[in-house]
Amino acid sequence: MTNRNSLCVRVDYTNMLAESVGEHGITEAELSSMMPRMRWAVDSLRAKRDSIRWRDLPYNQAEIVADIKRTAEDIRSRCDDFVVLGIGGSALGPIAVHQALCHLRHNDLPRDKRNGPRLFVEDNVDPERMAALLDVIDLDNAVFNVITKSGSTSETMSQLLTVTRILTDRYGEDELKNRLIATTDREKGNLIGIAKRLGLKTFYVPEGVGGRFSELCPVGLLAAAVCGIDIEALLEGAAYMDALCDNEDPNANPALMLAGLEVIAMNKGANVGVLMPYADSLKYFADWYAQLWAESLGKRRGNERFGQTPVKALGVTDQHSQVQLYTDGPFDKTITFLAVEKYRTEFTIPHAFDDVPNVAFLSGHTFNELITAERSATEHAVTVSGHMNKTVILPEVSAFTIGQLIMLFELQTAYAGELLGINAYDQPGVEEGKNATYALLGKKGYEAKLHELRSAAGKRRFVI
Ligand code: PA5
């Protein structure tokens, strides 16, 4: 067995500090004065353990994992397309893990070269997208997994209505149980009742596991297992990181240190947090992280407002789009690079134009060397321009390290919530938009909201 410690995800925070980036960095005094609160945050989070059940997911799912693996094997043996219907926390984790751990062009590969069915995660209600999905999937060999913890999200329920109608018309209601799987709360919401009535195979989102913290429960594990991902290694990685991040010493607890640094940076005016993976496999991890960080920390307490706007970037691609801003722009941000030490492929740049020295210097190097050099170079450029940055280092991208990364960022978010003194697990700001949608679509009980919306519509100003 691989030595797990050699696969430990590490954090280099040198460039968050003033001694590295200068006046806009964090001073020793600022870090020292945050230390007691950071130690307190560990205890405070421990005391909440009963309500933050996502921390238990690496330890308490043996039976569920066995069930997921059985179900996934059945799906893999009889289906070509696996379609997740869900949004927010019910979609971003499955997308991120699939991109990280499957072939980068998984869906484009022919069946015999692909490890499992194609995966589609439908997290929008753009009518063109729904039509496009139906154009490309092979309905006869497709299985749908409708995921909604609340069991009532309009976007997901409208997708469910669409798919149920199509499947029923084509195969009859009795066939739904072979083509539709539900993942939802055990008791609450509308989906559980529908699932029971139709006799659907159902997985549950455990209590105390909110949407954006749910990747390591059946929400994410079923799609991962269907795509051939080692879900036990994912959970092992998460357990490994959870144990590290229970330490009261911030120097031995990566999530706590990351949270402490970001909170100090926020207090110094860093309102923007960029996550920049240097790997296409981690591109959608930045999407998953953006929701986790934004929805958890964007909160209001009285007149005080909290949060940091997450920005997604991809190295090296966005060096040619955003890095100008990260060097010469305002000191309102932190940048977190995600580095990969060992890519799964090595690719050598061949010789072709040895007579053109400005091109020939690349030949003989590998793409691996090039992307690594560009990451170091960008880190240097950002640092010498005085901007706070840090690097989270993955020895490799594997189920074990991705499990670690998920738990690391979940715990970073949880610790940041403690340090800021806010509830990181609710999302009251999302409710207003949901209620307005209900009103616009004529849901009973939302008549007053409709009136409010119509009055506001009369005050719009247009150009042209
Ligand atoms: O993190 C959250 O709780 C939200 O982003 C939800 O995941 C999102 O709103 C979808 O909710 P549900 O799974 O209930 O459909």
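As the structure lists them, so they are numbered: ligands from 1, and atoms in each ligand from 1. The figures that follow rest on heavy atoms only: side chains count, while hydrogens, waters and symmetry mates do not.
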Original post:
Between atom CG of L441 and atom OG of S154, what is the distance when rounded to the nearest 0.5 Å?
Top reply: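 Those atoms lie 7.0 Å apart.
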
Subject >> Side-chain ion pair, D140 and R179, N-O less than 4.0 Å >> reply: no

Ligand-side contact atoms (ligand 1) for residue partner [X], heavy atom cut-off under 4.0 Å:
X	value
K149	12 (P), 13 (O), 14 (O)
T148	12 (P), 13 (O), 14 (O), 15 (O)
T153	11 (O), 12 (P), 14 (O), 15 (O)
R212	1 (O), 2 (C), 3 (O)
Q427	3 (O)
S150	12 (P), 14 (O), 15 (O)

Original post:
Taking all atoms of both residues into account, what is the closest heavy-atom pair of A416 and A259, and its distance?
Top reply: N-CB, 3.6 Å

Original post:
Would R301 count as a cation-pi partner of F306, with NZ or CZ less than 6.0 Å from the six-membered ring centre and within 45° of the ring normal?
Top reply: no

Distance to 0.1 Å, residue and atom name: give those for the protein heavy atom nearest to [atom].
atom	result
atom 3 (O) of ligand 1	G211 N, 3.5 Å
atom 2 (C) of ligand 1	E295 OE1, 3.2 Å
atom 8 (C) of ligand 1	I87 O, 3.7 Å
atom 9 (O) of ligand 1	K434 NZ, 4.2 Å
atom 5 (O) of ligand 1	Q291 NE2, 2.5 Å
atom 6 (C) of ligand 1	G89 N, 3.9 Å

Subject >> Residue-ligand contact E155/ligand 1, heavy atom below 4.0 Å >> reply: no

Original post:
N145 and T183: side-chain donor and acceptor closer than 3.5 Å?
Top reply: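 Indeed, the side chains of N145 and T183 share at least one donor-acceptor pair under 3.5 Å.
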
Subject >> Flag for Y240-E236: side-chain donor and acceptor within less than 3.5 Å >> reply: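 Checked: E236/Y240 side chains show no N/O donor-acceptor pair below 3.5 Å.
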
Original post:
Between D318 and S321, is there a donor-acceptor pair closer than 3.5 Å when you use the side chain of the first and the backbone of the second?
Top reply: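 Not a single qualifying donor-acceptor pair exists.
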
Got a list of side-chain donor-acceptor pairs under 3.5 Å for residues 391-404, not counting sequence neighbours?
residue: E396; atom: OE2; partner: S398; partner atom: OG; Å: 3.0
residue: S398; atom: OG; partner: T401; partner atom: N; Å: 3.4
residue: S398; atom: OG; partner: T401; partner atom: OG1; Å: 3.4
residue: T401; atom: OG1; partner: E396; partner atom: O; Å: 2.7
residue: T401; atom: OG1; partner: S398; partner atom: N; Å: 2.9
residue: T401; atom: OG1; partner: S398; partner atom: O; Å: 3.1
residue: Q404; atom: OE1; partner: V9; partner atom: N; Å: 2.8
residue: Q404; atom: NE2; partner: L7; partner atom: O; Å: 2.8

**OP:** Quick one: sort the W288 and F409 rings into parallel, tilted or perpendicular, breaks at 30° and 60°.
**Re:** tilted

